[in-house]
Amino acid sequence: MANNVSHITDYKVLARVVLILMSLTLLTIFVTSFHLGAFSVTVALLIAGVKAFFILTYFMHLKYESLLLRLLVTMIFVLYAVIILITFIDYAYR
Amino acid sequence: MSGNKKNEYVSYLEHQGKYKGIFSWIFTLDHKRIGLIYMYAIIVLFSIGALMGLLMRIELIAPGETIMKPQTYNGMFTVHGIIMIFMVVIPGLSVVFGNFFLPILIGAKDVAFPKLNRFSWWVYITGCGLAIASQFMQNGPPDTGWTFYAPYSTTTGSNVIMATFAAFVLGFSSILTGLNFIVTIHQMRAPGMKFFNMPLFSWAIYATAWTQLLATPIVGITLLMLIAERLFGIGFFNPSLGGDPVLFQHLFWIYSHPAVYIMILPALGVITEIIPTFCQKKIYGYKAIALSSLAIAGVGFLVWGHHMFTSGMSDQARWFFSFLTFLVAVPSAIKVFNWLATMYKGSIDLKPPFLYALSFIFLFTIGGTTGLLLGSVATDVQVHDTAFVVAHFHYIIFGGMGFAFFAAIHYWLPKMYGRMYNMKRATIAWGINFVGFNLLYFPQFILGIEGMPRRYFDYLPQFQPLEVVSTIGGFILIGGLIFMISNLVQGARKGEIAPANPWHGTTLEWQIPSPPPLENFDEAPIINPNPYDYK
Amino acid sequence: MSEKEIHIEVHRDDEASKLGMWLFIFTELLLFGGLFLVYTVFRAEYPQNFHEGSLELSVTIGAINTIALLFSSMTVAMALSAIQKNNRKLAMRLIAVTLLMALIFLFNKYIEWSMKFEHGLYPGSPLMPHLGRGDLMFFSLYFFMTGLHALHIIVGMVLLTMCFFKIKNGTLNYQKYIHLENGALYWHLVDLIWIFLFPLLYLIT
Amino acid sequence: MFSNASNFVHGVDKAFLIIGGFSLFFLVSFTGIMIYFVVKYNRKRNPKATQIKDNTLLEVTWTTLPILLVLYMFYVGWQGFFPMRQVPKDAMQVTAIGQMWKWKFEYPGNKESDTLVLPINRPVKVNLVSKDVIHGFFVPAFRIKEDCVPGKNNFSWFIPGQLGDFDLLCSAYCGVNHSYMSAVVRIVPQDKYDEWIAALQVKGNDTNIGHSVLDKNGCLACHSIDGSKLVGPSLKSLYGSTVEVKTNGTTHKISADDEYIKNSIYDPDKDVVTGYPQGVMKSYKGTITDKDVQLITGYLKTLK
Ligand code: HEA
Ligand code: HEA
Ligand code: CUA
Ligand SMILES: [Cu+2]
């Protein structure tokens with residue numbers, strides 16, 4: 001309820017995060033403009049992953065949430081990754 | 001106990017609130033009333049679906065056209081499947097008994113979001129309405145099978161869009177219910193009740209709710225893609241537009257395999273409640289049972305490919321899925337072992353709920369172990385898409401989840417209505433059901449091994465004798481079910497007044513009067529760290 | 001109405017609402033997850049067509065949209081901080097900026113889609129079946145994914161607009177801000193999904 | 001004990017016996033235990049339950065043993081299946097084409113047959129194709145099944161080991177006449193086979209060309225030529241008659257001329273014959289050439 005002291009994120013932190021996110025966006029555009037084939041896919045997705053991490057941690061306050069919730073979020077991403085991997089056991093060997 | 005004297009308190013059945021009459025039910029926020037209105041809807045839908053099952057059996061009593069045309073038959077098994085799966089067994093136990101008893105079992109006054117709960121029911125009814133309407137719209141009932149396999153579903157002329165949309169809506173309701181239950185279990189437990197002090201039915205509901213929450217969106221998006229495909233000619237699954245029909249099967253089963261655990265986990269939970277009560281004995285292996293529910297739900301996410309062994313998947317995928325399928329059987333086995341161990345040296349009272357529980361173990365073992373035959377690639381090649389599969393899932397869904405539902409209602413009816421049914425009649429009805437059920441479905445195992453494909457309107461003459469036996473079984477079963485239901489209805493309306501704790505159970509629902517008061521607990525319940533504390 | 005009924009309706013548990021919102025976000029993630037799975041499969045099948053398809057999309061518009069969404073994500077997070085600090089004016093302004101960004105996003109999407117429409121590229125158009133299978137699939141996915149995403153933007157806008165008016169009439173305040181917290185979570189989710197959509201559709205060529 | 005209809009019967013039936021045997025063992029022993037407990041510990045006889053403590057060792061045992069057991073079952077199943085994917089190099093090739101509700105078998109040399117005739121004891125690889133929706137190539141006696149998926153090239157292979165006729169069924173649901181989509185697999189000695197294949201017509205050399213166009217494209221699954229009503233209207237005395245059709249919701253009469261027949265094939269959903277559902281027949285644009293349409297029309301004229 002209202003009496004649980006919830007964390008108030010500083011405006012500065014948010015501004016800094018958004019700057020990081022924007023520079024990462026520009027970085028992706030820059031890197032992928034070189035047509036590096038499979039490499040550019042990996043890099044682009046990795047950067048997207050980092051961006052997602054920032055959004056989850058700071059914008060969505062995961063940093064200040066209970067361990068349980070953080071574990072659950074991790075679990076969802078792991079589950080999803082496993083589902084994709086398993087599907088590709090079929091597609092990769094066709 | 002105060003349960004016997006009616007005028008000491010106002011039970012949830014009498015409490016009127018803001019609205020009167022039927023509106024006091026469909027606009028209620030009380031989890032118990034919502035549980036009941038779900039149950040009424042489900043019984044009606046079950047009767048419709050079951051009637052269709054019976055009509056199919058009559059059609060199959062002889063080769064060739066008996067009472068209907070092939071197209072009618074195809075529509076019939078499709079709608080039978082859709083009704084039974086999406087409207088009866090997936091919500092089934094969890095919305096009826098989960099709603100009614102989950103909050104009570106964990107010592108809460110209600111679920112976490114009562115309004116959302118009511119909304120889920122409305123969504124559910126809307127979905128049912130849409131599905132029923134798809135029967136009567138101009139293009140005729142959908143005829144794709146409940147699996148909606150592309151590309152047939154993208155090209156057939158029948159009402160597929162409507163039916164898939166209905167399934168989408170029902171899925172939405174299922175997600176909301178799951179969400180509600182998870183939050184309820186996390187946030188609403190009575191002070192002092194830790195996770196490992198919860199009765200095991202709550203654990204089962206918890207595992208189920210996660211599966212509902214995480215698997216359903218996948219089928220949601222799949223059905224949306226199917227609708228887009230039909231409306232806009234986007235060819236995700238249609239090979240002539242560049243799509244991939246096998247991808248549809250992947251997406252469909254990524255949901256629909258976990259969905260079978262949505263059906264069975266609450267059933268396993270119910271049985272786990274009933275056995276200790278009727279043996280007057282602490283459940284054996286509490287932790288093993290609790291964790292095996294989570295294990296089934298978890299591993300259950302990864303085995304979907306066993307429905308596609310003959311679809312032309314890569315060989316690697318075939319062995320991998322077969323391997324995982326076998327692993328998922330182990331936690332189910334653990335539960336059965338623990339149940340048997342609980343019965344050891346108990347003081348067994350052979351009342352109808354316990355009879356249903358025992359027959360559940362029998363039927364679930366048959367259904368489950370034939371699941372192993374399906375999970376093994378070599379044997380699945382022979383019996384995939386045959387009557388064997390039909391027998392497997394009727395055994396495990398109807399024999400498992402269905403019989404667990406009957407067990408639950410015989411167990412909890414005194415609590416829900418405060419009245420008792422006639423024991424003798426209930427026992428006789430159980431006997432008829434058990435015999436009819438086995439007669440109906442067992443022959444289909446043999447038919448399947450001999451090579452009788454499923455979804456067959458017509459068949460080769462050598463299959464006829466067993467088909468006849470099966471149909472006769474169907475008629476016996478319907479007799480038993482009608483007898484059972486009428487006994488229950490009579491009990492609920494005019495039966496003897498039931499005491500608060502007729503079976504001498506120890507879980508929280510038995511500590512409050514029958515029927516429960518509006519907010520379940522007039523004073524804060526005392527939490528025993530061991531929910532099954534028999535002395 | 002009895003007292004008990006009132007009790008149920010007033011009953012409020014912010015922890016529970018937040019957990020509920022997170023669970024709902026999980027389902028949304030998996031909803032899009034299904035689509036990403038389809039995307040991955042077809043990308044593996046038709047890499048060349050996906051390459052050519054994404055060349056047709058304007059990186060500039062995509063980048064502007066990404067920046068707009070990221071910025072809006074920040075403003076809505078700030079709005080939450082503002083209301084927690086009991087600064088209603090600022091919170092309302094920040095929500096307004098967020099909505100403005102969302103409108104910019106939708107406007108760009110509209111421009112982009114109508115460009116495709118002019119070229120005869122839209123689901124069900126007479127031209128589409130004449131494309132190669134891979135191209136067809138790329139554009140089908142493009143429309144389906146961005147369309148569904150745009151729908152989520154609109155839902156998010158509705159939620160935030162509601163928060164705006166609730167702040168205005170005071171039902172949402174520094175003691176009771178769970179609606180804004182949940183609305184913001186939803187908005188971040190929309191952003192999160194776009195972060196993956198953008199490189200997959202526009203960049204990876 | 002096992003039949004030798006094909007080389008896979010042994011592996012598959014062995015898996016059935018082993019897994020089924022264990023299942024039966026569990027079923028019988030569990031039922032036995034339940035009945036025993038119910039009798040022995042009945043409340044009348046045993047009014048007071050004895051509480052027992054959990055035993056971790058027991059829990060671990062009955063977790064480990066089933067794991068080992070299922071691993072063994074998995075192994076048996078895989079052993080029975082694995083050979084089904086290892087096609088010998090010298091296998092003869094046949095293509096099975098599934099199309100709404102008819103099987104066709106294509107032999108090398110552009111020959112085609114309705115029956116799958118094969119020589120005994122020779123490995124054969126069956127390539128599985130579908131022209132419309134998913135069908136299932138299923139020969140119960142041989143223990144083989146694999147789907148014909150449109151746009152994919154699946155296969156199945158086996159060595160027939162027994163002379164005679166066997167049922168071939170379509171196992172994957174494919175529409176109205178799914179249950180009628182069957183064919184015969186005829187296993188014959190090698191010399192008989194050679195004779196038969198030599199006599200088999202090369203495709204397209206049929207005497208009645210118009211009829212064979214209909215047959216080849218699977219039209220006859222839905223349209224009879226003898227006046228009986230199947231899925232679609234019969235084609236008998238259709239040409240020149242007046243048909244009542246529904247176009248965009250309005251009913252009107254139309255005369256069945258060349259143009260109408262052509263439209264019915266290329267755009268069947270435009271003029272829908274009353275009493276029949278829309279969307280059942282798909283467009284054959286791109287499948288049937290203009291020339292074939294003329295052949296069909298010519299043939300229809302003879303069906304009086
Ligand atoms: C409630 C629903 C439910 C449940 C719980 C299950 C449980 C299982 N199912 Fe079933 N299944 C369906 C509903 C269900 N199924 C449906 C509806 C279909 C058809 C869909 C369609 O195509 O229309 C289907 C189809 C289906 C197939 C595909 C068949 C095909 O189309 O070719 C397979 C294949 O592996 C399978 C396997 C299993 C297995 C291994 C389990 C296991 O979880 C079972 C575990 C249980 C036990 C093993 C029994 C208890 C244990 C013991 C008695 C101890 C002894 C055992 C050991 C030592 C291991 N099922
Ligand atoms: C919960 C799940 C469930 C249940 C309970 C049932 C119940 C029954 N089903 Fe089921 N069935 C499915 C789920 C279920 N089915 C599914 C998913 C499929 C696959 C569909 C597909 O292929 O796509 C299927 C397919 C299927 C087939 C195979 C079709 C084919 O492949 O060709 C057959 C054929 O015999 C059949 C028969 C029956 C019968 C006779 C019953 C009977 O047991 C029903 C018994 C009950 C009664 C006969 C009526 C009881 C009476 C009352 C409750 C009260 C009376 C009512 C009033 C007074 C109003 N079903
Ligand atoms: Cu072809 Cu079923
Ligand atoms: Cu399954």
Side-chain angles (χ1 to χ4, degrees), chain A residues 1-4 6-11 13-19 21-22 24-26 28-29 31-33 35 37-38 40-45 47-52 54-56 58-62 65-66 68-69 72-73 75-77 79-81 83-84 87-88 90-92 94, chain C residues 12-15 18-19 22-23 25-27 29-30 33-34 36-37 40-41 43-45 47 51 59-60 62-63 66-67 70-71 73-78 80-85 90 94 174-178 181 184-185 187-189 191-193 195-200 202-205:
Chain A
M1 282 259 237
N3 55 4
N4 67 341
S6 81
H7 180 91
I8 304 182
T9 319
D10 206 10
Y11 299 127
V13 175
L14 296 174
R16 233 175 282 148
V17 170
V18 92
L19 283 181
L21 288 172
M22 289 185 180
L24 284 174
T25 309
L26 295 180
T28 333
I29 299 177
V31 174
T32 48
S33 62
H35 304 305
S40 78
V41 182
T42 328
V43 172
L45 286 182
I47 299 181
V50 174
K51 283 162 78 178
F54 273 105
I55 293 199
L56 285 165
Y58 291 99
F59 285 176
M60 297 170 96
H61 306 144
L62 263 190
E65 296 291 353
S66 64
L68 175 81
L69 190 56
L72 289 182
V73 175
M75 188 190 83
I76 301 302
F77 283 97
L79 176 75
Y80 181 60
I83 287 180
I84 290 222
T87 315
F88 268 80
D90 179 11
Y91 281 94
R94 279 244 185 107
Chain C
R12 182 162 73 87
D13 185 346
D14 292 353
E15 272 302 301
K18 196 154 73 181
L19 182 59
W22 269 103
L23 295 178
I25 285 178
F26 293 168
T27 71
L29 283 175
L30 281 154
F36 281 118
L37 181 63
T40 329
V41 165
R43 191 188 161 81
E45 195 164 337
H51 167 75
V59 177
T60 325
T66 312
I67 303 278
L70 287 175
F71 191 72
S73 228
M74 177 194 71
T75 48
V76 80
M78 284 180 168
L80 181 62
S81 296
I83 198 78
Q84 284 170 325
K85 295 181 184 168
L90 183 61
L94 283 166
Y174 72 104
Q175 278 169 330
K176 185 169 176 262
Y177 47 78
I178 183 70
E181 196 167 359
L185 278 178
W187 194 253
H188 297 309
L189 164 84
D191 193 14
L192 201 65
I193 289 163
I195 281 184
F196 286 94
L197 281 180
F198 174 55
L200 287 180
Y202 292 73
L203 292 182
I204 304 178
T205 56

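Labels below follow one simple rule: chain letters A, B, ... track the order of the sequence lines, proteins then strands, and each chain is numbered from 1. None of the values given here were measured: they were computed from a predicted structure. Only this structure's heavy atoms are used, side chains among them; waters, hydrogens and symmetry mates stay out.
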Asks: Side chain, backbone, both or neither: which part of A:F77 has an atom under 4.5 Å from a heavy atom of chain C?
Replies: side chain

Asks: Hey, what's the ring geometry for C:F198 with C:Y202, parallel, tilted or perpendicular (30° and 60° as the breaks)?
Replies: tilted

Asks: Sort out for me which of A:L79, A:L69, A:I84 touches chain C most, counting heavy-atom pairs under 4.5 Å.
Replies: A:L69

Asks: Against chain C, label A:V31 side chain, backbone, both or neither, depending on which of its atoms sit under 4.5 Å from a heavy atom there.
Replies: neither

Asks: Between C:T66 and A:K51, is a side chain to side chain contact (heavy atoms under 4.5 Å, CB included) present by the stated rule, with each step listed?
Replies: CA-CA 12 Å; C:T66 312; A:K51 283 162 78 178; 4.3 Å; yes

Asks: Do A:H61 and C:L80 have side chains that approach each other closer than 4.5 Å (heavy atoms only, starting at C-beta)?
Replies: yes

Asks: Between C:P199, C:G62, C:S81, C:A184, who has the most heavy-atom pairs with chain A when the cutoff is under 4.5 Å?
Replies: C:S81

Asks: Is C:L29 close to chain A through its backbone or its side chain, or both, or neither, when contacts mean heavy atoms under 4.5 Å?
Replies: side chain

Asks: Which bit of A:L62 is near chain C, if near means a heavy-atom gap under 4.5 Å: side chain, backbone, both or neither?
Replies: side chain

Asks: At a 4.5 Å cut-off on heavy atoms, which part of C:L37 comes close to chain A: side chain, backbone, both, or neither?
Replies: both

Asks: Between A:A48 and C:I195, what is the shortest heavy-atom contact and its length?
Replies: O-CG2, 3.7 Å

Asks: Less than 4.5 Å to any heavy atom of chain C: does that hold for the side chain of A:T28, its backbone, both, or neither?
Replies: both

Asks: Can you tell which part of A:T25 gets under 4.5 Å to a heavy atom of chain C, answering side chain, backbone, both or neither?
Replies: side chain

Asks: Given the options A:L68, A:V13, A:I29, which has more heavy-atom pairs under 4.5 Å with chain C than any of the others?
Replies: A:I29

Asks: Which one wins on heavy-atom pair count under 4.5 Å against chain A: C:V41, C:I25, C:I67, C:L200?
Replies: C:V41

Asks: Please flag which part of A:F59 lies under 4.5 Å from any non-hydrogen atom of chain C: side chain, backbone, both or neither.
Replies: both

Asks: So which part of A:L72 gets closer than 4.5 Å to some heavy atom of chain C, the side chain, the backbone, both or neither?
Replies: both

Asks: So A:M60 and A:V73, side chain to side chain contact (heavy atoms under 4.5 Å, CB included) or not? Walk me through it.
Replies: CA-CA 11 Å; A:M60 297 170 96; A:V73 175; over 6 Å; no

Asks: Apply side chain to side chain contact (heavy atoms under 4.5 Å, CB included) to A:Y91 and C:T40, showing your working.
Replies: CA-CA 10 Å; A:Y91 281 94; C:T40 329; over 6 Å; no

Asks: Should the heavy atoms of other residues, nucleotides or ligands under 6.0 Å from OH of A:Y80 be counted, would the total exceed 12?
Replies: yes

Asks: Any side-chain heavy atom of C:M78 sitting closer than 4.5 Å to one from C:L90?
Replies: no

Asks: Spell out, as yes or no, whether a donor-acceptor pair under 3.5 Å connects the side chain of A:Y58 to the backbone of A:V17.
Replies: no

Asks: Can you tell which part of A:A92 gets under 4.5 Å to a heavy atom of chain C, answering side chain, backbone, both or neither?
Replies: neither

